[in-house]
Amino acid sequence: MVERAGFEQLEQRERRGRFVTVNAAREVNAGPRTRRALRQGEQRAARDRAEGLDAEAGGAARGLEARGQRGRVDHGGFDRLGGIHGMCFRSGRVALSILFLPSLSPFMSNVRVRFAPSPTGFFHIGSARTALFNWLYARHTGGTFVLRIEDTDKERNSEQFLNVIYDSLTWLGLNWDEGPQVGACGGGAHGPYRQSERADIYQAYLKKLLDAGRAYEKDGAIWFKLLGERHEVYDEHRKKTVTKVKNAPALIDDRIRGRVERVEDEDFVIFRSDGNPVFHFVNVVDDIAMAITHVIRGEDHLSNTSKHVELFQAFGAPVPQFAHIPLILKQNGPGKMSKRDQGALIEEYQRRGYLPEALVNFLSLLGWNPGDDREKMPLEEIIRLFDLPGVNQSNARFDDKKLAHVNMAYLLAQPADRFVALARDYFQRTQPGSPALAAAPECFREVMLLAQPKIKGLEELPAYTGYLFAEDYPVDAKVREKVLAKGDPKARLGELAAALPGFDFSSDTTIEEGIKALAAKNALGFGDYQSVARLAVSGINVGPSITGLFRVLGRERVLARFGRFLTTIT
RNA sequence: GUCCCCAUCGUCUAGCCCGGUCAGGACACCACCCUUUCACGGUGAGAACCGGGGUUCGAAUCCCCGUGGGGACGCCA
């Protein structure tokens with residue numbers, strides 16, 4: 001079975017291999033879907049080669065995976081400490097395992113990517129994802145992730161704004177190999193990494209353009225000079241006459257869009273009249289000076305790229321590989337997500353107690369997917385699978401419901417100690433005066449573990465657990481009315497109170513047995529006692545299991561709460 | 001207005017390269033089950049190939065044209 005499947009795949013692969021050049025030649029006319037499929041096919045083949053797999057083994061493994069037999073296919077991952085990369089699979093009576101040395105490519109990569117934010121005081125979802133994709137690509141390839149601060153606009157800078165960037169990246173776990181020195185990150189041979197400190201470099205590069213006759217002064221600013229015939233034309237949109245240049249289109253080799261042509265047909269400013277360089281210039285100069293090999297950024301920069309290509313060429317520098325990733329669209333209404341939009345800021349998720357690893361997982365899936373149905377994945381797995389061909393070309397709409405779901409899944413999966421620590425941290429940050437923090441650590445722990453499987457996010461914790469730490473909890477009037485309307489809750493509570501001293505409070509199970517025995521004795525159900533007891537000890541009708549509540553509160557407090565509640569019933 | 005990018009359920013997406021599938025998964029929504037409330041979990045339902053041409057025995061898939069969405073057009077980044 002296995003050999004057969006593998007054999008078929010091999011034949012197709014060989015055939016495809018021969019057609020690759022044909023397809024590449026056709027690519028100019030191919031639609032986006034075709035282009036992506038082409039890239040993905042090449043990616044698969046490349047991954048097989050990089051992992052040292054021959055086409056047969058790779059094909060057979062994928063064949064098994066495609067038929068939903070992943071449980072029997074076991075990929076080893078790269079072990080960066082020099083372990084063996086292996087793989088084995090089995091189908092029916094045939095078993096096969098392959099062990100091989102990891103390819104050297106991940107260790108010898110010269111991939112250099114950069115994340116180049118501007119310190120505007122905001123760090124939003126879109127920036128975070130751009131940073132993440134760059135970081136993932138660097139980690140996947142064993143390359144270098146550079147952080148560069150684009151602060152050429154003096155109007156908008158401050159030290160405080162820089163911290164927003166550092167804090168957010170650090171919180172997300174996106175450590176940088178080169179960049180401003182902060183904590184354990186930063187340093188590097190291509191510094192300084194703040195553009196405001198690189199003026200001399202920009203002057204040197206400007207001189208190159210000036211000497212080559214590719215820049216000139218006008219109105220106190222310095223302009224980049226395109227090559228070609230000039231003519232005046234009236235621009236309808238800008239309502240003014242502009243000088244157009246008859247220029248050849250710039251070729252943009254984009255790893256996600258394919259081959260894009262765009263004509264840059266107007267000279268543009270590279271130094272403002274105040275003497276400061278502008279974005280297009282510093283961006284290109286720094287990419288050259290920092291030896292950036294792959295420019296991964298939002299698609300909103302695609303139109304700028306023709307300017308950048310012109311500059312790279314004017315400097316005689318190699319043009320990097322571009323990868324313009326799709327934008328994140330706002331949840332409601334038209335347009336891309338911006339700082340103003342609901343849920344746009346990273347610090348908001350930080351504040352609300354979202355798990356950074358959950359946010360990273362969610363963000364990685366916005367515009368990229370591993371090629372199968374997997375969604376919740378450990379970071380190492382995302383790194384292993386992430387690659388540019390897997391990135392979509394269409395924009396993605398942000399969905400906070402799905403993010404909340406992913407976050408809940410992560411919260412649910414936390415080990416007890418970590419969850420309690422997260423909860424404590426959340427309370428300390430948002431409810432410094434809370435009785436929860438004043439409670440004994442053991443008590444705090446028990447309560448939080450009671451809540452862990454029930455809540456959707458840490459932010460629900462204070463409201464969800466408040467009554468467990470204080471005796472002055474409110475009783476919800478509507479709930480009270482509803483619960484008291486059915487049966488004889490007063491009698492049930494009395495019976496339970498009378499039976500409670502005989503209960504074994506050592507575990508949920510023993511408490512449950514106690515209640516069940518009482519219910520059986522009176523020919524009633526568990527629920528007849530549960531609902532009124534819950535109302536009495538919590539004031540509401542939702543929450544952790546009643547047995548857990550009893551256990552954590554302890555017999556005395558439960559009885560006291562019963563007693564107090566009984567006095568309010570006529 | 002000009003230029004560039006994009007198009008599968010309400011949303012994120014698989015499938016597209018290599019044409020033949022009940023067009024698969026997840027979130028959300030609904031129903032049922034589990035149950036001790038609320039969640040979680042389980043089962044199920046509803047839900048999509050933007051339109052029109054072309055190629056083909058056959059098109060979500062290949063080609064063209066529309067339409068729609070997004071982006072860019074600053075001495076912002």
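Residue numbering restarts at 1 for every chain, and letters A, B, ... go by the order of the sequence lines.
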Could you tell me the separation between the [atom1] atom of [X] and the [atom2] atom of [N], rounded to a whole number of Å?
X      : N     : atom1 : atom2 : value
A/F398 : B/U11 : CZ    : P     : 16 Å
A/Q530 : B/U35 : CD    : P     : 14 Å
A/H324 : B/C5  : NE2   : C1'   : 10 Å
A/K307 : B/A77 : NZ    : P     : 13 Å
A/Y234 : B/C73 : OH    : C1'   : 15 Å
A/R374 : B/C12 : CZ    : P     : 22 Å
A/M377 : B/A14 : CE    : P     : 12 Å
A/I515 : B/U35 : CD1   : P     : 17 Å

Review point. A/H237 stacking on B/U2: centroids under 5.5 Å, ring planes under 30°?
Key: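 Not stacked by the 5.5 Å and 30° rule.
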
Between the side chains of [X] and [Y], is a donor N or O closer than 3.5 angstrom to an acceptor N or O?
X      : Y      : result
A/S545 : A/R551 : no
A/Q342 : A/D400 : no
A/E150 : A/N283 : yes
A/Y216 : A/D267 : yes

Check your understanding: Across the strands shown, which category fits A/P544 at heavy-atom distances under 4.0 angstrom: base, sugar-phosphate, nothing?
Key ->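 Contact class for A/P544: base.
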
Practice item. Look at all strands and tell whether A/E512 reaches a base, only sugar-phosphate, or nothing, counting heavy atoms closer than 4.0 Å. Key: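 Base: the residue A/E512, judged by heavy atoms under 4.0 Å, touches a nucleobase.
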
Check your understanding: Of A/H301 and A/I546, whose closest RNA chain B nucleotide lies nearer the 5' terminus?
Key ->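 By nearest-heavy-atom nucleotide position, the 5'-most residue is A/I546.
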
Review point. Considering heavy-atom distances to RNA chain B, does A/V263 or A/I455 have its closest nucleotide positioned more toward the 5' end?
Key: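 Its nearest nucleotide being more 5', the pick is A/V263.
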
Could you check which of [options] has an atom nearest any side-chain atom of [X]?
X      : options             : value
A/K336 : B/U36, B/A72, B/C5  : B/A72
A/T547 : B/C12, B/U36, B/C4  : B/U36
A/V542 : B/U37, B/A72, B/C5  : B/U37
A/K401 : B/C40, B/C27, B/C5  : B/C27
A/R397 : B/G25, B/C38, B/C12 : B/C12
A/N369 : B/A77, B/U13, B/G71 : B/U13
A/N541 : B/C12, B/C75, B/U37 : B/U37
A/K454 : B/A72, B/C75, B/A39 : B/A39
A/L329 : B/G70, B/C4, B/C40  : B/G70
A/V278 : B/A77, B/C6, B/U37  : B/A77

Side-chain N or O of [X] less than 4.0 angstrom from OP1 or OP2 on [N]?
X      : N     : answer
A/N392 : B/U13 : yes
A/R238 : B/G74 : yes
A/S394 : B/G69 : no
A/K330 : B/G70 : no
A/R272 : B/A77 : yes

Review point. Where do A/Y354 and A/Y410 land on the ring-ring contact (aromatic ring centres under 6.0 Å, His included) test, with the steps shown first?
Key: CA-CA 9 Å; A/Y354 275 68; A/Y410 270 85; over 10 Å; no

Can you tell me, in whole Å, how much space there is between the [atom1] of [N] and that of [M]?
N     : M     : atom1 : result
B/G25 : B/A14 : C1'   : 7 Å
B/U8  : B/A60 : C1'   : 7 Å
B/G15 : B/C62 : P     : 12 Å
B/U56 : B/G44 : P     : 43 Å
B/C49 : B/U13 : C1'   : 13 Å
B/G52 : B/U67 : C1'   : 10 Å
B/C50 : B/G69 : C1'   : 11 Å
B/G46 : B/A7  : C1'   : 24 Å

Practice item. Look at the side chain of A/K402 against the base of B/A26 and say whether a donor-acceptor pair falls under 3.5 Å; ignore hydrogens and angles. Key: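 Side chain to base: pair found, below 3.5 Å.
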
Check your understanding: Would you say the side chain of A/S303 and the base of B/C73 hold a donor-acceptor pair, judged only by whether the two atoms sit under 3.5 Å apart?
Key ->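 Between B/C73 and A/S303, which were checked side chain against base, a qualifying N/O pair under 3.5 Å is absent.
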
Review point. Do A/D287 and A/R148 touch side chain to side chain, with heavy atoms closer than 4.5 Å?
Key: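 Of all side-chain heavy-atom pairs linking A/R148 with A/D287, at least one is under 4.5 Å.
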
Looking at [N], which nucleotide sits across from it as a Watson-Crick or G-U wobble partner, both distances under 3.5 angstrom, or is there none?
N     : answer
B/A39 : none
B/C34 : none
B/A72 : B/U2
B/C27 : B/G10
B/A47 : none

Review point. Is it the case that A/R561 places NZ or CZ above or below the six-membered ring of A/F565, under 6.0 angstrom from the centre and within 45 degrees of the axis?
Key: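 The answer is no; the distance or angle limit is not met.
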
**Study point:** Lys/Arg cation over aromatic A/F268: A/K307, 6.0 Å, 45° cone
**Key:**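 That pair qualifies as a cation-pi contact.
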
Check your understanding: Do the charged groups of A/D151 and A/R194 touch, with an N to O distance under 4.0 Å?
Key ->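 Salt bridge: yes.
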
